[in-house]
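In what follows, a single structure is set out as structure tokens and then discussed.
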Amino acid sequence: PAGDYEKGKKVYKQRCLQCHVVDSTATKTGPTLYGVIGRTSGTVPGFDYSAANKSKGVVWTRETLFEYLLNPKKYIPGTKMVFAGLKKADERADLIKYIEVECSK
Ligand code: HEM
């Protein structure tokens, strides 16, 4: 599914914003998601990743984020991201659309 930006923005605010900014390089509990599309996992300079996230060696794309966000602990066993996942495929697609657009600004 293509994803709906406005719906994705709501999901982001409710589920991600407390730990991740997407509009600057600021660090919160989690690393910035600005520029995450096309970035190799575990490579935001200065962020103190878990060994698991650091060594995953995946490039974050629509497809890999779609799978990761379904169940982060399954995709990266040992991640320190405390997040249960988004079970609904349309929510993930909307969210990724939002992140993509924000990353392209
Ligand atoms: C890591 C996305 C929710 C805390 C990550 C990474 C992504 C991501 C893509 C990997 C970053 C990288 O490899 O550079 C998201 C999205 C969320 C979300 C889209 C909402 C759906 C949260 C929440 C928290 C959180 C709610 C805090 C309670 C973290 C932390 C890491 C991380 C601490 C680093 C994990 C590690 O080093 O093991 N997140 N996240 N995230 N996230 Fe999230």
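Both counts, for ligands and for their atoms, begin at 1 and track the order of listing.
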(request) Go through the steps for K97 and D4 under the test side chain to side chain contact (heavy atoms under 4.5 Å, CB included), then give the verdict. (result) CA-CA 6 Å; K97 177 71 183 181; D4 180 296; over 6 Å; no
(request) Determine yes or no for a side-chain-to-main-chain donor-acceptor pair under 3.5 angstrom, with K28 supplying the side chain and L17 the backbone. (result) yes
(request) Indicate if the distance from atom 43 (Fe) of ligand 1 to the nearest N, O or S atom of H20 falls below 2.8 Å. (result) yes
(message) Between S41 and G57 (side chain of the first, backbone of the second, donor and acceptor by atom type, cut-off under 3.5 Å), is there such a pair?
(response) yes
(request) Run the numbers for me: atoms of ligand 1, each under 4.0 Å from some heavy atom of S41, listed by number. (result) 13 (O)
(message) Using only atom types and a distance under 3.5 Å, with no angle test, would you say the side chain of H20 pairs donor to acceptor with the backbone of P31?
(response) yes
(message) If hydrophobic clusters are built by linking Ile, Leu, Val, Met, Phe, Trp and Tyr wherever their side-chain heavy atoms come under 4.5 Å apart, do L65 and V101 end up in the same one?
(response) yes
(message) Quick one, T79 and Y49 - any side-chain contact, counting heavy atoms below 4.5 Å?
(response) no
(message) Give me the residue, atom name and distance of the protein heavy atom closest to atom 33 (C) of ligand 1.
(response) T29 O, 3.4 Å
(message) Nearest non-hydrogen contact with atom 35 (C) of ligand 1 belongs to which option: T64, V82, T79?
(response) T79
(request) If you have a sec, work out which protein heavy atom is nearest atom 13 (O) of ligand 1 and how many Å separate them, to one decimal? (result) G42 N, 2.8 Å
(request) Enumerate the atoms of ligand 1 whose separation from the nearest heavy atom of L69 is less than 4.0 angstrom. (result) 16 (C), 19 (C)
(request) Look at the side chain of R39 and the backbone N and O of V59, then say whether any donor-acceptor pair between them is shorter than 3.5 Å. (result) no
(message) Once you restrict to heavy atoms under 4.0 Å, what part of V11 touches ligand 1? Side chain, backbone, both or neither.
(response) neither
(request) Looking only at protein heavy atoms, identify the closest one to atom 38 (O) of ligand 1 and say how far it is in Å. (result) S50 OG, 2.4 Å
(request) Answer with side chain, backbone, both or neither: which part of R39 has a heavy atom less than 4.0 angstrom from an atom of ligand 1? (result) side chain
(message) Please list the nearest protein heavy atom to atom 26 (C) of ligand 1 with its residue and the distance rounded to 0.1 Å.
(response) R15 O, 3.3 Å
(message) I want to know if ligand 1 touches W60 in the polar sense, i.e. an N/O pair below 3.5 angstrom.
(response) yes
(request) Give the residue and atom name of whichever protein heavy atom lies nearest to atom 31 (C) of ligand 1, and the separation in Å to one decimal. (result) P31 CD, 3.7 Å
(message) Please list the nearest protein heavy atom to atom 24 (C) of ligand 1 with its residue and the distance rounded to 0.1 Å.
(response) C19 SG, 2.8 Å
(request) Report the distance from atom NZ of K10 to atom CG of D94, rounding to the nearest 0.5 Å. (result) 10.0 Å
(message) K80 versus ligand 1: do any nitrogen or oxygen atoms come within less than 3.5 Å of each other?
(response) yes
(request) Taking Y34 for its side chain and K105 for its backbone only, find out whether a donor-acceptor pair lies under 3.5 Å. (result) yes
(request) With rounding to the nearest 0.5 Å, note down the distance linking CG in L69 to CG in L86. (result) 6.0 Å
(request) Find all atoms of ligand 1 within a distance of less than 4.0 Å from any non-hydrogen atom belonging to L95, and give their numbers and elements. (result) 19 (C), 21 (C)
(message) Does the residue I76 have a heavy-atom contact with ligand 1, meaning some pair of atoms that are separated by less than 4.0 Å?
(response) no
(request) Have a look at ligand 1 and work out which part of D48, if any, has a heavy atom under 4.0 Å from it: side chain, backbone, both or neither. (result) neither
(message) Show me which atoms of ligand 1 lie under 4.0 Å from any heavy atom of L65.
(response) 9 (C)
(message) Pairs of nitrogen or oxygen atoms closer than 3.5 Å, one from G30 and one from ligand 1: do any exist?
(response) no
(request) Please determine, by modelled atom types, if Y5 and E102 share a side-chain donor-acceptor pair under 3.5 angstrom. (result) yes
(request) Mark yes or no: K56 above the aromatic ring of Y75, with NZ or CZ under 6.0 Å from the six-membered ring centre and no more than 45 degrees from the axis. (result) yes
(message) Can you check which of A52, P72, C16 brings a heavy atom nearest to atom 21 (C) of ligand 1?
(response) C16
(message) Nearest 0.5 angstrom please: Y68 OH to I96 CD1, how far?
(response) 12.0 Å
(message) Looking at non-hydrogen atoms alone, which of Y12, Y49, F47, Y68 comes nearest to atom 7 (C) of ligand 1?
(response) Y68
